[in-house]
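See below for the structure under consideration.
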Amino acid sequence: MSDIGIGTGSTTTGGARKTGGTRGTTTIADSVVATIAGVAIRETDGVRSVGKGASKALGAVTSRMPGPSSPGRSVKAQVDGDQVSVDVDVEVEYGVLIHELAEEIRANVIQAVETMTGLDVTEININVFDIHVPDDDADEDG
């Protein structure tokens, strides 16, 4: 988790700690960062699903249920001071240039996490565990 101090009459940028006139601290939990990152990843074109195994199945079920979802469950984030690292498993669509998709995922996560939290994203590890071939859906239905 991260503690971010806020100084009197100033704003906090980049998760920097301001001294003098502190009115308290803000703590951002790993799970909050993971949720932000998970939303950014899912909004990236070419990502079929996030997570594998039980977390993927749980995500498929909860995405169909009304109410708030928990997109951060299959994304792991670790906040260390003012820095964040993120680990994620993704399934991609067939035909997507995986190396370009990975860079787009990184850019989306960095933009979302740094904008919303003021923390510095130092590392995003992406494990592409599967590729979705459209013909697979027809085979499963038959």
Side-chain angles (χ1 to χ4, degrees), residues 1-19 22-142:
M1 287 201 252
S2 176
D3 292 330
I4 302 172
I6 299 177
T8 305
S10 64
T11 59
T12 302
T13 59
R17 293 183 182 180
K18 303 290 184 178
T19 57
T22 301
R23 295 183 183 179
T25 59
T26 301
T27 304
I28 301 172
D30 295 353
S31 61
V32 170
V33 175
T35 298
I36 295 167
V39 170
I41 293 164
R42 282 177 176 78
E43 290 177 346
T44 306
D45 289 336
V47 173
R48 169 75 177 180
S49 64
V50 178
K52 55 185 175 180
S55 65
K56 182 179 173 184
L58 180 62
V61 170
T62 57
S63 68
R64 294 185 188 121
M65 297 174 66
S69 63
S70 299
R73 288 188 183 172
S74 54
V75 178
K76 293 183 178 83
Q78 183 170 356
V79 179
D80 184 17
D82 294 338
Q83 298 183 334
V84 176
S85 63
V86 176
D87 296 324
V88 63
D89 296 322
V90 296
E91 177 184 16
V92 301
E93 295 287 351
Y94 180 80
V96 170
L97 301 177
I98 295 172
H99 63 284
E100 289 180 7
L101 177 62
E103 290 307 313
E104 189 175 342
I105 290 170
R106 286 186 177 95
N108 290 350
V109 170
I110 289 168
Q111 192 278 329
V113 171
E114 289 185 353
T115 299
M116 292 182 72
T117 67
L119 300 171
D120 181 32
V121 179
T122 58
E123 180 177 73
I124 302 171
N125 299 307
I126 301 167
N127 176 38
V128 178
F129 71 89
D130 200 0
I131 189 162
H132 176 258
V133 180
D135 290 346
D136 288 349
D137 291 338
D139 292 342
E140 290 174 8
D141 292 340

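Only this structure's heavy atoms are used, side chains among them; waters, hydrogens and symmetry mates stay out. Here the structure is a predicted model, which is why all the values come from computation and not from measurement.
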Working to the nearest 0.5 angstrom, can you tell me the gap between [X] [atom1] and [Y] [atom2]?
| X | Y | atom1 | atom2 | answer |
| --- | --- | --- | --- | --- |
| Asp130 | Asp89 | CG | CG | 11.0 Å |
| Ile36 | Ile28 | CD1 | CD1 | 7.0 Å |
| His99 | Glu104 | NE2 | CD | 12.0 Å |

Exercise. So which of Val96, Val88, Leu101 actually passes side-chain contact (heavy atoms from CB on, under 4.5 Å) with Val47?
Worked result: Leu101
Set of side-chain contact (heavy atoms from CB on, under 4.5 Å) partners for [X], sequence neighbours left out:
| X | value |
| --- | --- |
| Asp45 | none |
| Val128 | Val90, Val92, Ile98, Ile126 |
| Glu123 | Ser85, Asn125 |

What is the minimum heavy-atom distance between [X] and [Y], and which atoms define it?
| X | Y | answer |
| --- | --- | --- |
| Phe129 | Glu91 | CE2-N, 3.5 Å |
| Val75 | Gly38 | CG2-CA, 3.8 Å |
| Ser74 | Val50 | OG-CG1, 3.2 Å |

For this session: Mark yes or no for whether Asp30, through its side chain, and Val79, through its backbone, hold a donor-acceptor pair below 3.5 Å.
Result: yes
Problem set entry | Test salt bridge (Lys or Arg N to Asp or Glu O under 4.0 Å) applied to Glu93 - qualifying residues, sequence neighbours left out | Arg48
Problem set entry | Listed once per pair and sorted, the salt bridge (charged side-chain N to carboxylate O under 4.0 Å, His left out) pairs that draw on residues 106-117, sequence neighbours left out | Glu103-Arg106
